[in-house]
Amino acid sequence: VNLCIFDPKKNSIAKIEITNFDGSLNPAGMFYDHKNKKLYVANYTKKNVLVFDYLESNKSLKFSNYINSDLFKGPEDVFV
C-alpha cells in the first residue's frame, strides 16, 4: 500500500514514507486532523483504527497508536 500527499499549491503528489510500523495495513478510509497533525486510518485487515503522526519536516508518517473496539466489525471510513 502506498500513501501519498497532494500539494495543491505545487499541483504535485508525493509518496509518504511510513516509519515505526510493521503491521498489516489495508486502508478502508482515512481522516487527517489538521490541528493535531494526525492521520487516522480505518484498517480493514485488523479491524482497528491506526493513528499516525504526520512529520512535516520529512513528510513521513510515524505510527503512534491503534484503537480497538468490540464494536468494530470492519471499520470502513473514518470520521473524527
Side-chain angles (χ1 to χ4, degrees):
V1 170
N2 289 324
L3 296 179
C4 299
I5 187 169
F6 174 66
D7 185 340
K9 292 178 183 173
K10 296 179 182 176
N11 197 29
S12 65
I13 296 175
K15 182 180 174 187
I16 297 178
E17 297 298 323
I18 300 173
T19 61
N20 199 37
F21 181 71
D22 294 329
S24 71
L25 177 63
N26 187 356
M30 293 184 271
F31 174 79
Y32 181 67
D33 179 353
H34 290 274
K35 182 179 178 184
N36 296 310
K37 299 195 183 316
K38 293 193 179 289
L39 179 67
Y40 297 86
V41 179
N43 189 20
Y44 185 79
T45 303
K46 295 290 187 175
K47 299 183 181 356
N48 60 8
V49 175
L50 304 173
V51 183
F52 294 91
D53 294 316
Y54 177 61
L55 308 175
E56 285 188 77
S57 60
N58 61 355
K59 292 186 172 48
S60 68
L61 293 171
K62 180 180 178 186
F63 175 72
S64 66
N65 200 0
Y66 61 89
I67 302 166
N68 281 329
S69 171
D70 292 337
L71 299 174
F72 293 162
K73 295 185 191 258
E76 292 151 1
D77 296 326
V78 173
F79 185 77
V80 177

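Worth saying up front: this structure is predicted, and the values here are computed from it rather than measured.
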(request) Using a cut-off of 6.0 Å, state whether more than 12 heavy atoms not belonging to D22 lie near its atom CG. (result) no

(request) Report the distance from atom CD1 of I16 to atom NZ of K59, rounding to the nearest 0.5 Å. (result) 9.5 Å

(message) Restricting to side chain to side chain donor-acceptor pair (under 3.5 Å), what partner residues turn up for N68, sequence neighbours left out?
(response) none

(request) I would like to know whether V51 and L39 meet side-chain contact (heavy atoms from CB on, under 4.5 Å); could you show each step before the answer? (result) CA-CA 6 Å; V51 183; L39 179 67; over 6 Å; no

(request) Could you tell me which non-hydrogen atom of V41 sits nearest to which non-hydrogen atom of P27, and how far apart they are? (result) CG1-CB, 3.7 Å

(message) Is the shortest side-chain heavy-atom distance between N43 and L25 below 4.5 Å?
(response) yes

(request) Could you note down all residue pairs passing salt bridge (charged side-chain N to carboxylate O under 4.0 Å, His left out) where residues 6-21 supplies at least one of them, sequence neighbours left out? (result) none

(request) Only counting residues at least two apart or in another chain, list the ones meeting salt bridge (charged side-chain N to carboxylate O under 4.0 Å, His left out) with K37. (result) E56

(request) Check side-chain contact (heavy atoms from CB on, under 4.5 Å) between N20 and all other residues, then give those that pass, not counting sequence neighbours. (result) K62

(request) Could I get the full list of ring-ring contact (aromatic ring centres under 6.0 Å, His included) partners for F63, not counting sequence neighbours? (result) F21, F52

(request) Report yes or no: is the cationic atom of K38 (NZ for Lys, CZ for Arg) under 6.0 Å from the centre of the six-membered ring of Y40, at an angle within 45° of the ring normal? (result) no

(message) Just so I know, are the side chains of L61 and L55 near enough to count as touching, which here means a heavy-atom distance under 4.5 Å?
(response) no

(request) Apply side chain to side chain donor-acceptor pair (under 3.5 Å) to N65 and list each qualifying residue two or more places apart in sequence or on a separate chain. (result) none

(request) Using modelled atom types only, decide if a donor and an acceptor are shared between the side chain of S60 and the backbone of Y54 within a distance under 3.5 Å. (result) no

